[in-house]
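Step one of this worksheet: look at the structure below.
Every chain is numbered from 1, with letters handed out A, B, ... down the list of sequences.
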Amino acid sequence: MEAANFIHDEIIKDLAPGGRFEGKKVHTRFPPEPNGYLHIGHAKAIVINFSTAEKFGGQCNLRMDDTNPSKEEVEYVDSIKQDIHWLGYDWEDRFYFASDYFPQMFEYACQLIRKGKAYICELTAEQIRQTRGTLKTPGKPSPYRDRPADESLDLFNRMKDGEFKDGQMTLRARIDMSSGNMNMRDPVLYRISRSHHHRTGDTWCIYPMYDFAHPIEDALESITHSLCSLEFEDHRPLYDWVIDHIDSPARPRQIEFARLNLTHAVMSKRKVRQLVEDNWVDGWDDPRLPTLSGLRRRGYTPESIRNFCERIGVSKVYSTVDYAFLEHCLREDLNKKAPRVMAVVNPVRLVIDNYPENRSETFEVENNPERPEDGKREVTFSRELWIEADDFREEKIKGYFRLFPGHEVRLKTAYIIRCTGCDKDEQGNITAVHATYDPDSRGGNAADGRKIKGTIHWVDTNNCLDAEVRLYDNLFKDADPDTEEQRDYMERINQDSLVVRRHSKVEISLSGTSAPGSYQFLRLGYFCLDKNDSKPDRLVFNRSVSLRDSWKKRNKT
RNA sequence: UGGGGUGUGGCCAAGCGGUAAGGCACGGGACUUUGACUCCCGCAUGCGUAGGUUCAAAUCCUGCCACCCCAGCCA
């Protein structure tokens, strides 16, 4: 089997004869804490866990790591499940909660106490901090460190029974107060907390810490490979310590990889929350946010996100992936799938002066040149059309081959027209563009075979729909809004990250649509209906991503 | 000499002692009834750095440098 990344390398070794998991089935898990919404960074972890299991013919569990009731809520559990399903992964019947293991964890803690590997400490949080030492100096042993096991066991049971106040005492591992690894300086294993747990209610008033709970959760589920992010590297010795000192049914292996960062975006829960709560964006599913619900509303497909996650690779290097790569993956997917449609986002009236006033005709347009099997649809044409304001200029500039007086252009699938001028109001705003058409060019090709370089899209003024179009761009202009910790990144928000066009015109074939799905607005980009605001009689489209535009690129700076 | 990690082109990333894959971005060109798509071409005499071992080093060894993580009763 070929390894796609260093984790696969390790797994292959583990599975080999004499390896740590020889003869075992690979088992991974995705263990979110239900305290917020999932984002693209989680998607990377989800893809790594599920695809690794799949690659080796194993399984991946979904587990809510709910060991801290003061931060967790049920509403998140549902959104997390929904997002993972949406991405296209299935955990079948293997959906678990860390809280289901509380009784077993308590039992393991008692084992540790009996072995003299853990003790009840009555130091306050402040005292624990003070005696922990610093990065360069060893800590001091707690005065309770040598408390007899019987006494600790008794206290631990009374802790569980609610005899003590929150924070009054803790269960601590007895490891090494002078370890260079801070996590090994007698870490707290259990704390007293009377917050209401979303699943166990008030059954417990003591809760295990992550470092104690996680290896047990993994072991109980027979996880072989516990894949997590880099910041847990220093916790691995403690993870192994717990497994080694309890009567563990399994010996899972933790492997760490670098989490995903994206340019032009903020990923941390705290920062996203602030953007939402201070109303810089429209909720957790704002299309500019890197949350999965935001990306979904923006029109990102699960396939594009999965593909993105697979292609960015897995390593231990601190990395920031260019947002342009995510966009590339979306375009690549939508180019194959999205039906083409004509829409004029910023309309200006085009009058074809030599076209009869009351005449109308119909043209057939292909739905997707990439997929001829998708068939064709009809669009109507008449004397007055809407065209994109950008497609007309009063004067030619170098390289511009759209409409300007005297110049010919093709109206997609219809006729070749020649621009004759424009009308303006008193302020000098262009109110209409004038042109004449070539009656012998029906369909778009000139009878004399002359080549027409430019083709523009259009919509019949007599047969179209008004729509609101929301043009989204990066939330942050800076590639790295997240770098300097203390900077007020809100001030760096891109003022043009949302431009609303309320009077856009879209072709009639879109009338009444409510189905989810993406369209390519010809020459503009990929768009989808906004799931929150669009109504069959008042369409609202979100721009998922623009088409690549070498003209625009060439003309800026 | 706290501990743990990482350094390959602008951004990801292969490479596992035999003479620098691939993708994105970027630049050029072809094609084009989407300035899209597609297709060509270009883009590291170089792998943090200095030495060493070897016929041969991004890969092995040593020193140095840079950056990231750790002192929650968060995960």
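- Contact annotation for A:L123: base contact, defined as any heavy-atom pair under 4.0 Å involving a base atom.
- Nucleic acid contact class of A:Y207 (heavy atoms, under 4.0 Å, all strands): none.
- Listed nucleotides: B:rC74, B:rA25, B:rG2. Nearest to the side chain of A:E33: B:rC74.
- Closest-nucleotide positions on RNA chain B for A:D66 and A:R442 were compared, and the one nearer the 5' end corresponds to A:R442.
- Residue contacts shown for A:N445 include a base, since a base heavy atom lies under 4.0 Å away.
- Among the atoms of the strands shown, none is found under 4.0 Å from any heavy atom of A:L411.
- Partner of A:E366 under the salt bridge (Lys or Arg N to Asp or Glu O under 4.0 Å) criterion, out of A:K412, A:R377, A:K376, A:R340: A:K412 alone.
- Under the Watson-Crick or G-U wobble criterion, with both distances below 3.5 Å, B:rC73 is left unpaired in every strand shown.
- Heavy atoms of other residues, nucleotides or ligands lying less than 6.0 angstrom from NZ of A:K269 number more than 12.
- Counting any heavy atom pair closer than 4.0 Å across all strands shown, A:M184 reaches no nucleic acid atom.
- Residue A:R185 is classed as having no contact, given no heavy-atom separation below 4.0 Å to the nucleic acid.
- The base of B:rG4 is not paired with the side chain of A:R236 by any donor and acceptor separated by under 3.5 Å.
- Straight-line distance between the C1' atoms of B:rC37 and B:rG4: roughly 48 Å, to the nearest whole Å.
- In this structure, A:Y210 does not pack face-to-face on the six-membered ring of B:rA75, missing the 5.5 Å centre cutoff or the 30° plane limit.
- Within the structure, every side-chain polar atom (N or O) of A:R523 is placed at least 4.0 Å from both OP1 and OP2 of B:rU32.
- Two rings, from A:F527 and A:F541, have their centers 6.0 Å or more apart.
- Ring centroid separation for the pair A:Y300 and A:F308 does not come in under the 6.0 Å cut-off.
- Between A:H235 and A:Y239, the gap from one ring centroid to the other reaches at least 6.0 Å.
- Comparing the same atom, P, in B:rC41 and in B:rA21 gives a spacing of 15 Å after rounding to whole Å.
- Using atom P as the reference point in both B:rU59 and B:rU6, the two lie 15 Å apart (nearest Å).
- Contact annotation: A:R191 side-chain N/O to B:rC74 OP1/OP2 distance is under 4.0 Å.
- One N or O donor and one acceptor, one from the side chain of A:D234 and one from the base of B:rG3, sit under 3.5 Å apart.
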When you look at A:D186 and A:R145, which way does the salt bridge (Lys or Arg N to Asp or Glu O under 4.0 Å) test go after all the steps? CA-CA 9 Å; A:D186 288 14; A:R145 198 169 199 265; 2.7 Å; yes

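- Across all strands shown, B:rA44 remains unpaired; no Watson-Crick or G-U wobble contact has both distances below 3.5 Å.
- In this model, the phosphate group of B:rC73 is approached by a side-chain N or O of A:R132 to a distance below 4.0 Å at OP1 or OP2.
- Comparing the same atom, P, in B:rC68 and in B:rC12 gives a spacing of 15 Å after rounding to whole Å.
- A:F381 and A:F363 have their aromatic ring centers within a separation under 6.0 angstrom.
- Pairing partner, B:rA20: none, since no Watson-Crick or wobble contact has both distances short of 3.5 Å.
- Nucleotide B:rG63 forms a Watson-Crick or G-U wobble pair with B:rU49, both donor-acceptor distances falling under 3.5 Å.
- A:G525 comes within 4.0 angstrom of no nucleic acid atom, judged by non-hydrogen atoms across all strands.
- OP1 or OP2 of B:rG2 has not a single side-chain nitrogen or oxygen of A:T137 nearer than 4.0 Å.
- For the pair A:R63 and A:E221, the salt-bridge criterion is met [side-chain N within less than 4.0 Å of a carboxylate O].
- Under the Watson-Crick and G-U wobble criteria, each requiring two contacts below 3.5 Å, nucleotide B:rA36 is left unpaired.
- Base orientation of B:rG72: syn (glycosidic angle within 90° of 0).
- OP1 or OP2 of B:rU34 has not a single side-chain nitrogen or oxygen of A:H457 nearer than 4.0 Å.
- Among the heavy atoms of the strands lying under 4.0 Å from A:T413 is at least one base atom, whether or not backbone atoms are also near.
- Between A:Y76 and A:Y37, a ring centre-to-centre spacing shorter than 6.0 Å is recorded.
- One finds no side-chain N or O of A:R402 lying less than 4.0 angstrom from the OP1 or OP2 phosphate oxygen of B:rG35.
- Less than 6.0 angstrom separates the ring centroid of A:F102 from the ring centroid of A:H197.
- Residues A:Y526 and A:K453 both approach RNA chain B. Their nearest nucleotides, taken by heavy-atom distance, put A:K453 toward the 5′ side.
- For B:rC26, one of the phosphate oxygens OP1 or OP2 lies less than 4.0 angstrom from a side-chain nitrogen or oxygen of A:K553.
- With ring centers used as reference points, A:Y101 lies 6.0 Å or more from A:Y108.
- Of the residues in residues 364-378 of chain A, those with a non-hydrogen atom less than 4.0 angstrom from any atom of RNA chain B are A:P369, A:E370.
- Separating the C1' atom of B:rU49 from that of B:rC67 is a span of 14 Å, rounded to the nearest Å.
- Using atom P as the reference point in both B:rU53 and B:rU62, the two lie 15 Å apart (nearest Å).
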For nucleotides 7-15 of chain B, give me one character per nucleotide, 5' to 3': B if any protein heavy atom sits under 4.0 Å from the base, S if the only such contacts are to the sugar-phosphate, - if neither. S---SSSS-

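- Defined by atom type and a distance below 3.5 Å, a donor-acceptor pair is missing between the side-chain atoms of A:T124 and A:E126.
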